[in-house]
Each structure stands twice: as C-alpha cells, then as structure tokens.
Amino acid sequence: MDSAGPLSHRRRWSPGVVQQVSPAEVIDLGPGYLDPGLLPVDLLSKAYGEALAEFGSAALAYGDDQGALPFRAAAARRAGCTEAQVLVTAGTSHALYLIAAMFASDQDVVLVERYAYDLGRKILTDRGLRTRAVEMDADGMDPQALHDALVGERGRVAFIYLNPTFHNPTGIVVPETRRRALLEVAARHGVLVVEDDAYADLGMDGDVPPSMAELSGFDGVIRLRTFSKTIAPGLRLGFLIADPRTVNRLVRHGLFVSGGSANHVTSLAVASMLESGDYDRHLTWLRAQLKARRDALVENLSGPFDFDLPAGGYFLWLRFADEVRVPSEVIVAAGARFGDGPGSAVRLAYSLNSPDRLAAAGRVLAGSWIPSLEHT
Ligand SMILES: Cc1ncc(COP(=O)(O)O)c(C=O)c1O
C-alpha cells in the first residue's frame with residue numbers, strides 16, 4: 001500500500017510492521033482501518049512533543065493506575081461525567097477483555113446483537129464465555145427479543161454487549177427511544193450493559209443520540225471509547241466510563257497495579273490534543289474526509305441489494321436476497337462473519353481508500369455482482 005501523499009512520513013506499510021497490508025492489485029474494502037493518508041502523523045509529533053515538554057520525566061514514569069489526571073479530566077468533560085468515572089485503557093479490545101475477565105465466569109453468556117463485531121465476540125469466546133445473538137431490526141437490538149433471551153437463557157448472563165452508534169457492521173444508529181427501552185429491560189433483569197462506542201465521534205449527517213451510559217445516569221452501563229477510529233489505532237489508547245465503584249474494582253486488577261496506566265505517555269499526548277482544540281479540528285476534517293469517501297462509493301454502486309445510508313462511522317452494509325460472490329478485483333467482508341440472518345450481506349469499509357479508488361470499486365462491483373448459485 002502506498003504511503004500517504006501530503007504528509008511528511010515516507011515509509012510504506014509493510015508486513016512485520018503493520019497488522020495487515022492489502023494486496024496492491026485489489027481495492028480492499030475489507031478491514032475497518034483508516035486510509036494511511038488520514039493518519040495524522042504531524043499532529044501526533046506535535047502532541048507527543050508538547051506532552052514531553054510539559055511533563056518531562058513524569059510522562060515516562062509508570063502512570064497513575066487509573067490514568068493520568070489531565071487526560072481523565074479532559075475525557076470526563078467531553079463525556080459529561082467526572083474523572084473518577086474514567087479509566088484509561090489500551091483501547092476497546094483491552095477494555096472488553098478486562099471486563100470479561102473481571103465481571104464474568106467461565107461459560108457465562110454474553111448477549112450480542114444478531115450481527116456483531118466479530119473480533120469483539122472472539123475476545124469474549126477466547127476468555128471462555130459463550131455469546132448468544134439477539135434479534136435486531138433497523139433500530140438495533142429488539143427489546144422484546146432481549147427480554148425473551150434473558151428469561152429463556154439457562155446459563156448466567158454476564159452482560160449485554162452493544163454497539164449502538166454507527167454499528168459495526170451495519171452502520172445503524174440506535175434511536176434514543178430504543179436505547180431507553182433496552183436499558184429498561186437490562187435494568188429490570190439486573191444485567192450489566194457494555195456499550196462499545198468506537199465510532200460515536202464520527203457522525204457525518206447530524207447529531208447522534210445521547211450515549212446509553214448517559215441515559216442510564218452512568219448506572220449499570222460501562223461505556224467503551226477508543227481513539228483507534230478517530231486518531232490512529234497504533235496509539236492503543238482508549239478509556240472506559242462507569243460508576244466510580246466499578247472503576248475502583250477494575251483498577252485494582254494486577255494489570256494496572258503492576259503496569260500503571262495502560263498507555264501513559266500517549267494519554268498525555270492525546271490530552272494535549274483534547275485541550276488545545278486539535279482533536280476537534282481533526283475530527284471536523286476527518287468526518288468530511290469519511291463523508292467524501294462514503295459518497296464516492298455509494299454514488300457509483302448499484303446492484304440487487306438494499307442498504308441504508310450510514311450517517312457516520314466506517315461501514316456500508318449491503319443486504320441481498322440471495323448469496324452473491326464478489327469480483328476478485330475488490331475485497332469485501334462477508335456478512336456471515338458477523339452473524340447469521342436472512343439472505344446474505346456484505347460489509348464495505350469506505351475508510352481505507354481514497355474517494356477515487358472507492359468510486360472505482362463501486363463501478364467494478366456495480367457491474368459484476370455474481371449470484372453464486374449460478375456458479376456453484
Ligand atoms: C465496534 C468495535 N469495537 C472495537 C474495535 C477495536 O477497538 P480498539 O482498536 O480500541 O481495540 C473495533 C475495531 O474494528 C470495532 O469496530
């Protein structure tokens with residue numbers, strides 16, 4: 001993959017350095033990664049420089065177990081909570097594992113949406129938990145189906161894992177009334193909700209509803225935030241928001257007592273971006289970039305599918321009545337990776353490629369959806 005054009009870094013992505021490099025001959029709409037040209041190398045150089053200048057050797061010590069106060073204070077202000085409710089994590093994957101390790105026992109059940117972030121599910125099953133899919137519609141998980149699942153489940157339900165804003169993989173946003181209904185069911189059954197809000201800062205068309213954590217009064221919900229999708233995944237920086245008691249339990253884990261803050265120097269660098277306004281300016285720019293990418297793909301795409309235009313995030317979800325195969329020039333994520341449903345589906349990430357390449361991918365796909373039944 002080519003290095004980013006206008007920025008000052010010149011190295012190409014190569015295996016052994018990054019998690020995955022797309023084959024040069026295809027347009028890769030598979031992974032939920034940012035286009036290399038959207039990763040803010042110069043902004044981060046500045047932010048790390050500012051953090052080191054301001055905090056000196058304190059930025060290089062073991063950080064406060066819960067996370068450095070300047071970061072937690074800035075994160076809390078944005079989230080409408082107190083810094084006592086914020087715990088710095090090494091991203092959402094880390095937070096999810098930590099919650100699964102501390103608030104669940106082997107063989108416990110986690111209820112997930114019919115289609116759910118597959119690698120999030122893998123974190124849960126690798127921890128020894130079982131996931132159960134709950135029916136969803138265009139507004140997210142169905143509250144009645146959630147109630148039925150909670151009544152019918154014979155194992156202990158450790159928590160409900162939801163991704164209500166710009167959902168991976170379907171792109172949907174759960175409206176406020178549905179959020180309240182889901183919270184009401186969870187509270188009635190006394191079950192914890194884990195709200196994965198990886199994409200919540202990436203709205204392109206209008207406002208997003210309040211988080212489920214806010215709607216619950218920060219009671220019974222743990223909200224997971226990450227900078228992987230808004231700044232860069234290589235930062236490995238995120239945080240969770242919960243009631244102070246829950247935070248106190250989590251922070252007593254040996255991971256923090258031994259290692260201190262999950263990502264100390266990076267949290268100070270990002271605190272500087274949050275405080276200076278650089279993060280908000282970057283978000284405004286990034287949203288416009290993602291919108292141009294989404295539109296380039298959608299405007300050039302046609303075929304025997306239905307879709308809802310995502311109002312934010314990274315993903316376009318196409319629903320087909322039958323199985324389809326995709327031409328070899330374009331890589332997509334098969335819907336079955338995320339769960340089973342009627343018909344078939346594919347997830348297209350518009351985050352990783354330029355608008356021109358996305359337009360080209362749209363044209364290739366429009367001309368060549370192949371009903372796989374004809375060919376098998
Ligand atoms: C819904 C969701 N949660 C979490 C993650 C991973 O987040 P992190 O990089 O913070 O571990 C992703 C990345 O694809 C995601 O889509």
Side-chain angles (χ1 to χ4, degrees), residues 79 81 85 87 89 92-118 120-137 139-165 167-168 172-198 200 209-225 240-253 338-339:
C81 64
Q85 292 174 265
L87 172 64
T89 68
T92 293
S93 306
H94 175 240
L96 192 56
Y97 185 78
L98 187 69
I99 292 164
M102 292 197 71
F103 295 146
S105 309
D106 288 356
Q107 295 302 310
D108 276 1
V109 170
V110 177
L111 298 177
V112 302
E113 294 126 331
R114 153 80 42 219
Y115 298 104
Y117 173 48
D118 55 335
R121 279 210 322 259
K122 177 168 166 54
I123 290 170
L124 301 174
T125 53
D126 283 353
R127 152 73 185 89
L129 310 182
R130 296 174 293 156
T131 60
R132 293 268 186 275
V134 177
E135 205 45 73
M136 65 190 290
D137 59 22
D139 285 341
M141 187 181 273
D142 175 15
Q144 182 61 45
L146 175 62
H147 170 81
D148 293 346
L150 285 164
V151 169
E153 181 54 58
R154 296 176 63 182
R156 175 182 177 266
V157 176
F159 54 91
I160 304 159
Y161 172 60
L162 296 172
N163 176 208
T165 310
H167 176 252
N168 181 4
I172 66 171
V173 177
V174 178
E176 182 173 336
T177 45
R178 176 66 65 91
R179 291 176 188 230
R180 289 187 188 278
L182 290 167
L183 285 169
E184 195 275 316
V185 175
R188 193 162 7 116
H189 291 270
V191 178
L192 174 69
V193 172
V194 175
E195 177 183 27
D196 180 340
D197 242 349
S211 68
M212 294 181 71
E214 279 171 282
L215 291 173
S216 74
F218 301 100
D219 184 18
V221 178
I222 303 180
R223 183 175 183 217
L224 312 183
R225 305 302 324 269
L240 63 79
I241 301 168
D243 62 281
R245 239 183 91 240
T246 300
V247 169
N248 279 334
R249 270 186 71 188
L250 289 166
V251 80
R252 283 202 299 272
H253 195 282
F338 307 96

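- The two atoms that bring Asn168 and Tyr117 nearest to each other are ND2-CD1, 3.2 Å, heavy atoms only.
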Step by step, would you call Val134 with Ile160 a side chain to side chain contact (heavy atoms under 4.5 Å, CB included)? CA-CA 10 Å; Val134 177; Ile160 304 159; over 6 Å; no

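- Considering all non-hydrogen atoms of both residues, Glu195 and Arg179 come closest at OE2-NH1, 3.9 Å.
- A donor-acceptor contact shorter than 3.5 Å is absent between the side chain of Asp196 and the backbone of Asn163.
- Remark: the backbone N or O of Ala79 is not paired with any side-chain donor or acceptor of Arg225 at under 3.5 angstrom.
- Here the side chains of Ile222 and Phe103 are in contact, with some heavy-atom distance below 4.5 Å.
- Arg114 places no side-chain N or O within donor-acceptor distance of the main-chain N or O of Ala133, the cut-off being under 3.5 Å.
- His167 places no side-chain N or O within 3.5 Å of a backbone atom of Val174 that could act as its donor or acceptor partner.
- The two residues Ala200 and Arg223 make their nearest non-hydrogen contact at CB-NH2, 4.1 Å.
- Contact of the Leu250 side chain with the Leu240 side chain is registered, since non-hydrogen atoms from C-beta on lie closer than 4.5 Å.
- Although no hydrogens or angles enter the test, the distance criterion places no donor-acceptor pair under 3.5 Å between the side chain of Glu135 and the main chain of Asp142.
- Inter-residue side-chain proximity for Arg127 and Ile123 is flagged as unmet; no heavy-atom pair is nearer than 4.5 Å.
- Separating the CE atom in Met212 from the CG atom in Leu162 is a distance of 5.0 Å, to the nearest 0.5 Å.
- Asp139 approaches Arg178 most closely through the heavy-atom pair O-CG, 3.4 Å.
- Pairing each heavy atom of Ser216 with each of Leu183, the nearest pair is N-CD1, 4.0 Å.
- A donor-acceptor distance shorter than 3.5 angstrom exists from the side chain of Arg121 to the backbone of Phe338, with no hydrogens or angles considered.
- Rounded to the nearest 0.5 angstrom, Thr131 OG1 and Asp118 CG are separated by 11.0 Å.
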For residues 146-159, which side-chain donor-acceptor pairs fall under 3.5 Å, sequence neighbours excluded?
residue, atom, partner, partner atom, Å
His147, ND1, Arg188, NH1, 3.3
His147, ND1, His189, NE2, 3.0
Asp148, OD1, Gln144, NE2, 3.0
Glu153, OE1, Arg132, NE, 3.1
Glu153, OE2, Gly155, N, 3.1
Arg156, NH1, Asp108, OD2, 2.4

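- Listed by first then second residue, pairs satisfying side chain to side chain donor-acceptor pair (under 3.5 Å) with a partner in residues 92-103 number zero, not counting sequence neighbours.
- Contact record, Met136 with Tyr115: SD-N, 3.6 Å, taken as the closest heavy-atom pair.
- With values rounded to the nearest 0.5 angstrom, Met102 atom CE is found 10.0 Å from Thr246 atom OG1.
- Atom CG of Leu96 sits about 5.5 Å away from atom OH of Tyr161, to the nearest 0.5 Å.
- One finds the CG atom of Asp106 at 7.5 Å from the CG atom of Leu129 (value rounded to the nearest 0.5 Å).
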